[in-house]
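What follows is one structure encoded as structure tokens, with my remarks underneath.
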Amino acid sequence: MSPGTCRRNAQAAPPLARARRLAFSARASSVAPPMTYDFRAIEARWQSFWDEHHSFRADVDPERPKYYVLDMFPYPSGDGLHVGHPEGYTATDIVARYKRMRGFNVLHPMGWDAFGLPAERYAMQTGVHPAVRTAECIVNFKRQLKTLGFSYDWEREVDTTDPRYYKWTQWIFLQLWGAFYDPTQARARPIDELPIPAEIAAQGPAAVRRYRDDHRLAYLHDAPVNWCPALRVVLANEEVAEQVEKGLVVVRRPMRQWMMRITAYAERLLTDLEGLDWPASVLDMQRHWIGRSDGAEVRFHLVHQHDADASAIEVFTTRPDTLFGATYMVLAPEHPLVQRITTPEHAAAVAAYVERATRRSERDRQADAAEGQKTGVFTGAFARNPANGAHVPVWISDYVLMGYGTGAIMAVPGHDERDHAFARAMALPIVQVVGVVGGGGAHPIADAAFSEPGVAINSGFLDGLPTAAAKQRMIEWLEAEGLGRRRVTYKLRDWLFSRQRYWGEPFPLIHRSTPDGDDEVVPVQELPVTLPELADFQPSETGEPPLSKAEAWVQLPDGGRRETNTMPQWAGSCWYYLRFMDPSNDAAPFSRAAADYWLPVDLYIGGAEHAVLHLLYARFWHKVLFDLGHVGTREPFQRLVNQGMVLGATYLPKDRRRHADGSAVIFKPAEVESLAPASDEWRVKATGELVDVQWDKMSKSRGNVVNPDDVVTQFGADTMRLYEMFMGPLEHSAPWQTDGVAGCHRFLQRAYRLAFDGDASGTADSGPDRLRELPPGEGSDRQRRLLHRTIAAVSERIDRLAFNTAISAMMIFVRDIVEPGEPLHRDALAQFSLLLAPFAPHLAEEIWRALGKPHSLAHEPWPAADEALLVDATFPLVVQIQGKRRAELAISQGASEADITSLALASPEVQRHLAGKTPRRVIYVPGKLLNIVV
RNA sequence: GCCCGGAUGGUGGAAUCGGUAGACACGGGGGACUUAAAAUCCCUUGCGCAAGCGUGCGGGUUCGAGUCCCGCUCCGGGCACCA
């Protein structure tokens, strides 16, 4: 530490000392001015102190255990923070500060997920470059976070839009591009190690290159994608729902796009969820999204082969036991066999249906699905059911999805609701091959499909077998006959990774035309590939990315052309937790040594909205980096907690009337007032109309957003932090209530007066010697017991992340520690300030300093509770009769059960309630309760 | 429709293992201090006059259920033609 900083601190101290002197001298002259809790001065002072002393710097230290506690870093929007952000940040900060005091080497970083559409839109509206706008927003976000006193190691700040950061995002992309997934070893390997089949090698270097390109984890794919005309951008499957919800149209449209082969990792992404300490709902959503199904692949041969390459249709089914009931087949409209098997007389109808299906929006299809409507056309082709040889018609319909299974199904209308609906619509035969167990096989199969497990009927060699056994038997038979095999499929699809936007990471790739006319993609050797300057950020209507307008940047002197798509916003957030470990490394994204020390993230807190997208993508990249030897853990985030939402109030008219455009009429908090000070009833100020309160997610349009700056200005950061945690359990959503903030502020004021004023109770003796240094063991026994109970309670509750109840334990301490006439033990106050430190660090430091401690308490050891003081000489015993509480007795610790029983039976209340009846049985719960049964 | 959560005073919530339901706080009522107000402090506050009744509803297990089991209702979140 430099002498300069020492001097500045020496200068910072006098106001504090002066304040205390003033307080004491004022009391001596019995004027007694109110000692004010000047949180503005206190918070400003300690925030600069922490900055100047680098109090929260973390460095790799193999001698100490590490703890990595991470927030989901924010997108720095123009609106600044709302009070929802600091909820999770406060929780992680409490844990970070607590773990530091527990002796852990704590990594607690913050950064900016700063690529994204809003900055680009802002640029189109105002002409301000996204980089300029982003920098402004970051300044504001950082200022706001700093005023809240979070113990981040700001030297590790990262910004995903900084070329020094995205250089490594590009580098990781090239790792994926340069790798393939080896299913035999179930891991990624360098693409150079990909075995090239002899027949490919024989075709020459171009064929080998194409073969390699087809196996890379990042690959170009020409296929229908989700195109959003309004945004002029393609969307990942995972992103479609969000935009559709906003009312935007998303259509399928063929485009050539970069994909990530996340499907290769489906099984590992699924099974590795097992060891994670994550919320059940997130685990569930990930499992669901990966969507593993166990079943069989079955080959149906075509009856009349018009085309030698189209001899059979492969289907996937989870119900091979129902094969005897397959009465028709359906191909997805995009299925490659459709053109080849369609007979001439059906060609026109099929072509029309395919054309319509490919152009229909996702939304229309979903609407049909919701109504159970099925459409489709017959191809004219027939296939042979391998189980019974029956000739079944082959249809096409958009209820069969090309992206799942084989893009073709065997339809069993008797036992599948969708097939049943289609069969009824198209008048196709329905047969029953599964009977109700014990029900004599009867089921009104014509009316509804029977999709429950049962027992096989009308199924030849399967008859009589329960569903599970019939599945096994059928798979064995198919495998023996060479007609099919066991197969596992996943709903997970490959990740569409390119976007037609400006404000994102450029792909570090160059396209070159080869002599044989192919498009060869080669990596850029020198990273980063920085974004070119651009005046017009709009993609073209046809989907040409904005970067294609930067011709000088795109066109290279050697004839190559740069890739003009950019990466999706997820790219930067996929690995930021890794960069935090080693943020200024310019030789690698992070060192293996740093990774080995800091990984995994021990606690990760953020919103539930990232349950699938971010958390699945980050896990995928992490696994690839694991396979390639860059990290040593299989999973990035060991423990995950989703904080709830902070809700804001809006007010609705009693009749719930709507505006002409259909939107609900709402009143903002500023437009209403309560009927009376105590009233829960609200009315519109202007008209006096009565309205109902409604609590919603905060949003600008609802006008119910609370700005942390206002709360910090009025009450201070410590109050803000405390209230965020006191609202309720971290995982719960809760309304923001200004009255509750004031309650937390009052607690801090009491704590302040306890330390500085000596008049917390208003009745106790006050004076300079009240804060006496008492010899160890002296002071009130009651006070010492209260202190140690508080230490035990706060510690255990932080461990459980039950912050609201930890705060209530501290409130009790401040309320009860000093009774009239009692002095306050200096050590008790010192220990209390340590307990308070994770929650209200500024005030805690202030008290600690006032007690004459020379250093910050940030690294002070956490207080230990004395077990002996947690047990009282007597305990209250509840006496129940017939399970109803009737009396409470003070019992000394060592009393025997027999003594306790006779004491209880002798007590007047018990005698009265027994009313002469004799106890039949007495149940004693040691230290707690005695239940008398009569 | 399916999956995952949840439901406790006027309000946010507490009760970690089946053992005193309502900690702590807000709000309300009363009081002290004050010329007054604010601030602060103290008392009180689940419902009921009471016996009693009370943790969304109906059953059950248990000496004892907010907690466990069965069947529902409602609210929130997710998924949704995935064969």
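Worth knowing before you read on, the calculation uses all heavy atoms, side chains too, and leaves out hydrogens, waters and symmetry mates. Everything numeric in this text was worked out from a predicted model, so none of it was measured. Within every chain, numbering begins at 1; the chains are lettered A, B, ... in the order of the sequence lines, protein sequences first and strands thereafter.
Using N1 to N3 plus N6-O4 or O6-N4 for Watson-Crick, or N1-O2 and O6-N3 for G-U wobble, each under 3.5 Å, B:C74 pairs with B:G6. Pairing partner, B:G64: none, since no Watson-Crick or wobble contact has both distances short of 3.5 Å. Pairing for B:C79 goes to B:G1, judged as Watson-Crick or G-U wobble with the two contacts each under 3.5 Å. Applying the Watson-Crick and G-U wobble criteria (two distances, each under 3.5 Å), B:G12 pairs with B:C24.
Of the side-chain N and O atoms in A:Arg753, one or more sit less than 4.0 angstrom from OP1 or OP2 of B:C41. Taking only side-chain nitrogens and oxygens, A:Gln880 never comes nearer than 4.0 Å to OP1 or OP2 of B:U20. Contact annotation: A:Tyr404 reaches the phosphate of B:A83 (side-chain N/O to OP1 or OP2, under 4.0 Å). Distances shown here put every side-chain N or O of A:Arg319 at or beyond 4.0 Å from the OP1 or OP2 atom of B:A83. For B:G13, neither phosphate oxygen OP1 nor OP2 lies less than 4.0 angstrom from any side-chain nitrogen or oxygen of A:Thr805.
Between the side chain of A:Asp284 and the base of B:C4, no donor-acceptor pair of N or O atoms lies under 3.5 Å.
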Could you give the side-chain donor-acceptor pairs of residues 320-331 of chain A under 3.5 Å, partners two or more places apart or in another chain?
unit_1, atom_1, unit_2, atom_2, d
A:Asp321, OD1, A:Arg319, NE, 3.0
A:Asp321, OD2, A:Arg319, NE, 3.4
A:Asp321, OD2, A:Arg319, NH2, 3.0
A:Thr322, OG1, A:Arg319, O, 2.7
A:Thr327, OG1, A:Pro429, O, 2.8
A:Tyr328, OH, A:Tyr399, OH, 3.4
A:Tyr328, OH, A:Asp419, O, 2.9

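Nucleotides B:C57 and B:U11 have their C1' atoms positioned 24 Å apart, rounded to a whole Å. Remark: the separation of the C1' atoms in B:C3 and B:G13 is 28 Å, to the nearest Å. Separating the C1' atom of B:U40 from that of B:C75 is a span of 41 Å, rounded to the nearest Å.
Sequence order on RNA chain B of the closest nucleotides to A:Trp289 and A:Asp416 puts A:Trp289 first from the 5' end.
Heavy-atom contacts from other residues, nucleotides or ligands closer than 6.0 Å to CD of A:Glu417 number 12 or fewer. Annotation: A:Gln882, atom CD; neighbour count of heavy atoms from other residues, nucleotides and ligands within 6.0 Å is above 12.
Of all heavy-atom pairs spanning A:Met698 and A:Leu647, the tightest one is CE-O, 3.8 Å.
For A:Arg886, counting side-chain heavy atoms from C-beta on, the closest listed nucleotide (B:A83, B:C63, B:G52) is B:G52.
Every residue meeting the side chain to side chain donor-acceptor pair (under 3.5 Å) condition with A:Glu888, not counting sequence neighbours, appears here in chain and number order: A:Arg885.
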